[in-house]
Participant: 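To start, I am sharing the structure in question, which I have written as structure tokens.
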2 protein chains.
Amino acid sequence: MTAMEHGSTAPPTLHDVAREAGVSVATASRALNGSARNVRSENARRVRAAAAKLNYEPHLSAQAIAKGSTRTVALVVRDVADPYFSSIAAGVAQAAEAAGLIVTMAVADGSSERELEIVRTLRGQRPQVIIVAGSRVEGAGTRGVLIEELEAYRTAGGRVVMISQRDLPFGTVAVDNHGGARDLARALLEAGYRRFAVLHAPGSLRTSRERHDGFRAGLRSWPGAGPAGVAEPVAIETAFTRAGGYDAARRLVERGIEDVEAVFAVNDVMAIGAMTAFRDAGVIPGADIAVAGFDDIPSALDVVPALTSVAVPLREAGLSAMRLALTDEADAPDVRLAARVVLRESTPPRQAGRR
Amino acid sequence: MTAMEHGSTAPPTLHDVAREAGVSVATASRALNGSARNVRSENARRVRAAAAKLNYEPHLSAQAIAKGSTRTVALVVRDVADPYFSSIAAGVAQAAEAAGLIVTMAVADGSSERELEIVRTLRGQRPQVIIVAGSRVEGAGTRGVLIEELEAYRTAGGRVVMISQRDLPFGTVAVDNHGGARDLARALLEAGYRRFAVLHAPGSLRTSRERHDGFRAGLRSWPGAGPAGVAEPVAIETAFTRAGGYDAARRLVERGIEDVEAVFAVNDVMAIGAMTAFRDAGVIPGADIAVAGFDDIPSALDVVPALTSVAVPLREAGLSAMRLALTDEADAPDVRLAARVVLRESTPPRQAGRR
DNA sequence: TTGTATGCGTTATCAG
DNA sequence: CTGATAACGCATACAA
């Protein structure tokens with residue numbers, strides 16, 4: 001409301017507020033952040049009024065340096081543009097704001113060197129928490145250094161939480177890929193399917209491996225499992241991408257699909273690619289062959305037929321990570337989030353006896 | 001409870017490094033951040049060695065307070081989980097990292113009160129830049145206060161950039177909705193379409209209005225426009241959502257679609273909803289009727305037939321925003337990003353003469 | 001080239 | 001309850 005009389009470009013400091021209110025900086029500080037209740041209400045009122053009049057905002061860096069601790073949480077993700085990570089980021093942001101924390105975000109871009117560099121400079125921020133989502137810890141070289149770096153941060157009083165990365169010596173929240181795939185297998189069995197193919201990625205990709213294993217475990221757990229009942233699914237290895245799914249489905253068709261009633265692709269984009277490949281080959285998804293994926297990305301609803309999938313609680317993962325970070329170090333068990341099967345038109349119930 | 005001593009070591013300070021290297025803090029500071037070249041190479045080497053040995057990282061808050069400026073850019077978005085904003089965030093992050101800046105992110109969640117609150121506390125961070133993406137400035141009440149707040153920040157030396165918000169007194173980068181829709185209209189005309197319907201949102205939504213207007217402008221610019229050639233498109237108002245698109249298409253079918261060859265929905269999710277509605281009504285998209293959208297979301301590729309759309313350079317918007325923020329205040333013209341038409345199977349070329 | 005001293009904005013300590 | 005004043009970790013005039 002009050003226009004600046006002089007083009008003063010420096011933001012007001014606590015000193016200015018104190019002077020305006022006619023008290024000392026100490027009193028002003030106390031009145032503002034209420035570290036101690038012991039300030040006369042009249043003075044408190046005047047300080048608050050002065051702060052409002054000057055449009056004062058405390059200098060967070062100064063507070064950090066004086067208090068010896070910040071109110072920030074650092075989040076490093078592989079790629080924010082990826083819905084997978086942006087959902088996680090949304091969860092983290094939500095929980096952080098609820099806790100009155102500021103979140104700083106860095107994008108590792110799939111490079112472990114970059115990731116290491118980020119964690120290093122992050123330590124300079126002295127955040128209360130570092131959350132790493134989607135770390136690529138393949139290169140053993142950077143892996144060791146990253147762990148060291150993170151551990152140094154932790155011994156300095158910081159909390160670190162990993163998301164979807166269970167084999168690191170830090171608190172972890174992960175999605176139950178195995179259980180989700182197992183449940184999917186059972187749901188398909190209950191829908192009447194008996195003969196399956198699995199489109200999976202190379203075994204070095206843990207996510208794919210877990211889902212593949214879980215699916216097979218689900219099949220084996222079926223009462224009628226064995227030579228006479230549910231057979232081991234046909235396994236086709238391919239890339240973890242839409243193109244990979246397309247190619248694998250094409251190969252499956254070439255091989256012959258007489259003995260396959262349903263196809264499980266270890267993620268949705270692969271499943272969607274596979275559906276297109278089937279259609280291109282004259283095999284109608286949902287009618288001639290059932291298709292299921294994993295992740296339950298938004299597109300799963302947009303394809304025809306709508307894709308059966310396993311919903312992964314990504315936002316929840318972000319929330320849990322923050323929750324984990326804010327609980328006492330000791331009693332903070334790792335979190336495993338359940339994935340939920342979502343049946344849609346791509347896997348219609350199969351009439352018993354139909355062949 | 002008393003804090004337990006977990007071998008919790010305080011992070012090393014510049015003091016520690018200096019002592020380890022046997023020099024003064026001043027020399028250590030100079031050697032590390034090279035503010036002045038005047039440090040004996042032998043000492044510089046020893047300081048760097050000491051820093052490495054202690055795993056020292058400068059305290060960013062302390063640097064900020066000493067230098068009087070931070071190296072951070074604050075980004076406030078409506079919703080990170082939304083691909084629209086996460087793409088923008090990715091662009092901002094990329095450009096920020098290239099410039100050696102740290103990005104802090106806050107989610108406004110569609111609430112202008114929350115947005116205002118965020119901007120307020122953001123000022124406490126003393127960031128070099130504040131970027132606001134997807135601001136909802138409808139409530140005139142908070143709108144004025146927000147502008148004041150932002151202007152206070154700017155007179156304090158900060159830079160503010162708005163994304164997709166052209167009517168605020170700050171630097172802005174926006175997508176050329178009008179031009180994109182106009183180009184789309186021309187492309188459809190060139191493909192042989194002459195009779196159109198537009199599925200749009202209420203006029204209070206500027207994005208919808210701009211696209212609608214642009215589309216009509218494109219039709220009018222056609223040589224054969226007029227009663228004998230291209231007629232004004234049928235306009236159907238609905239919600240800016242998938243459900244809105246579905247409903248509008250249903251209404252269109254009820255009304256009769258004999259006089260409509262192509263439908264333009266002002267965004268992709270509406271278009272996708274419309275495609276489903278058409279199919280449900282026995283009208284095959286891409287064959288019986290053409291459909292086009294706007295935004296070119298990833299799902300546009302996943303639907304059948306693939307959806308013709310207008311690609312919006314979201315990541316580029318983020319990059320441009322940072323670029324704009326880092327250029328001199330004076331010569332920083334607003335940026336308008338071109339949107340690119342992408343023709344796909346949902347609008348196949350139409351044989352001349354076919355009716 | 002190096003060290004000393006001072007300041008940045010805030011909180012915390014410790015006398016009044 | 002309040003006000004000096006000493007930290008906090010770092011950068012930088014100024015002096016040596």
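Computed from a predicted structure; not experimentally measured. Chain identifiers are assigned alphabetically (A, B, ...) following the order of the sequence lines, protein sequences preceding nucleic acid strands; residue numbering begins at 1 within each chain.
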Participant: Would you tabulate the nitrogen or oxygen pairs shorter than 3.5 Å linking the protein to nucleotides 1-4 of chain C?
Facilitator:
unit_1 : atom_1 : unit_2  : atom_2 : d
C:dT1  : O3'    : B:Arg40 : N      : 3.3
C:dT2  : OP1    : B:Arg40 : NE     : 3.0
C:dT2  : OP1    : B:Arg40 : NH2    : 3.4
C:dT2  : OP1    : B:Asn43 : ND2    : 2.2
C:dT2  : OP2    : B:Arg40 : N      : 2.5
C:dG3  : OP2    : B:Ser24 : N      : 3.1
C:dG3  : OP2    : B:Ser24 : OG     : 3.0
C:dG3  : OP2    : B:Thr27 : OG1    : 2.6
C:dG3  : N7     : B:Arg30 : NH2    : 2.7
C:dG3  : O6     : B:Arg30 : NH1    : 3.2

Participant: Are side-chain N/O atoms of B:Tyr56 and B:Thr13 paired as donor and acceptor at under 3.5 Å?
Facilitator: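 Not at all, the side chains of B:Tyr56 and B:Thr13 share no donor-acceptor pair under 3.5 Å.
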
Participant: Quick one: list whatever passes side-chain contact (heavy atoms from CB on, under 4.5 Å) with B:Arg154, sequence neighbours left out.
Facilitator: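 Residues passing side-chain contact (heavy atoms from CB on, under 4.5 Å) with B:Arg154: B:Glu151, B:Val160, B:Phe170, B:Glu329.
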
Participant: Less than 3.5 Å apart, any donor N or O on the side chain of A:Gln94 or A:Arg315 sitting next to an acceptor on the other?
Facilitator: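 A:Arg315 and A:Gln94 do have a side-chain donor-acceptor pair below 3.5 Å.
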
Participant: In whole angstrom, what separates A:Leu14's CG from C:dG9's C1'?
Facilitator: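 Spelled out: CG on A:Leu14 to C1' on C:dG9 is 8 Å.
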
Participant: Considering just the side-chain nitrogens and oxygens of A:Ser29, establish if one lies under 4.0 Å of OP1 or OP2 belonging to C:dT11.
Facilitator: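 True: A:Ser29 side-chain N/O within range (under 4.0 Å) of C:dT11 OP1/OP2.
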
Participant: Output every pair passing salt bridge (Lys or Arg N to Asp or Glu O under 4.0 Å) with a member in residues 85-102 of chain A, not counting sequence neighbours, ordered by first then second residue.
Facilitator: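 The answer is A:Glu97-B:Arg114.
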
Participant: Suppose we screen for salt bridge (Lys or Arg N to Asp or Glu O under 4.0 Å). Which residues come up paired with A:Arg40, at least two apart in sequence or across chains?
Facilitator: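 None.
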
Participant: Between C1' on D:dC8 and NE2 on B:His15, what's the gap in Å once rounded to a whole number?
Facilitator: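 Roughly 12 Å, once rounded to whole Å.
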
Participant: Considering residues at least two apart in sequence or located in another chain, which fulfil the side-chain hydrogen bond (donor to acceptor under 3.5 Å, both in side chains) criterion with B:Arg120?
Facilitator: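 With sequence neighbours excluded, B:Arg120 shows a side-chain hydrogen bond (donor to acceptor under 3.5 Å, both in side chains) to B:Glu149, given in chain and number order.
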
Participant: Sequence neighbours left out, what pairs pass side-chain hydrogen bond (donor to acceptor under 3.5 Å, both in side chains) with at least one residue falling in residues 124-133 of chain A?
Facilitator: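 Non-adjacent pairs meeting side-chain hydrogen bond (donor to acceptor under 3.5 Å, both in side chains): A:Thr104-A:Gln125.
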
Participant: At what angle, to 10 degrees, do the two end axes of the helix from C:dT1-D:dA16 to C:dG16-D:dC1 meet, given five pairs define each axis?
Facilitator: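 Here the local axes at opposite ends form an angle of 40°.
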
Participant: Near DNA chain D, under 4.0 Å by heavy atom, which residues of residues 52-67 of chain B?
Facilitator: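 Listed by number, they are B:Tyr56, B:Pro58, B:His59, B:Ala62, B:Gln63, B:Ile65, B:Ala66, B:Lys67.
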
Participant: Take atom CZ of A:Arg71 and atom P of C:dT11, then tell me their distance rounded to the nearest Å.
Facilitator: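 Interatomic distance, CZ of A:Arg71 to P of C:dT11: 14 Å.
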
Participant: Kindly write out the residues that satisfy salt bridge (Lys or Arg N to Asp or Glu O under 4.0 Å) with B:Arg336, not counting sequence neighbours, or none if the list is empty.
Facilitator: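 Applying salt bridge (Lys or Arg N to Asp or Glu O under 4.0 Å) to B:Arg336 gives B:Asp176.
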
Participant: From CZ of A:Arg19 over to P of C:dG9, roughly how many Å is that when rounded to an integer?
Facilitator: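 Distance check: A:Arg19 CZ to C:dG9 P gives 12 Å.
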
Participant: Suppose the criterion is salt bridge (Lys or Arg N to Asp or Glu O under 4.0 Å): which pairs have a residue in residues 12-22 of chain B, not counting sequence neighbours?
Facilitator: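 Salt bridge (Lys or Arg N to Asp or Glu O under 4.0 Å) check on residues 12-22 of chain B returns B:Asp16-B:Arg19, B:Glu20-B:Lys53.
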
Participant: Give every residue pair that meets the salt bridge (Lys or Arg N to Asp or Glu O under 4.0 Å) criterion with at least one member in residues 84-93 of chain B, sequence neighbours excluded.
Facilitator: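 Passing the test, one end in residues 84-93 of chain B: no pairs.
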
Participant: So, using salt bridge (Lys or Arg N to Asp or Glu O under 4.0 Å) as the criterion, who are the partners of A:Glu57 when residues are at least two apart?
Facilitator: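 Once residues adjacent in sequence are excluded, A:Glu57 has no partner under the salt bridge (Lys or Arg N to Asp or Glu O under 4.0 Å) criterion.
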
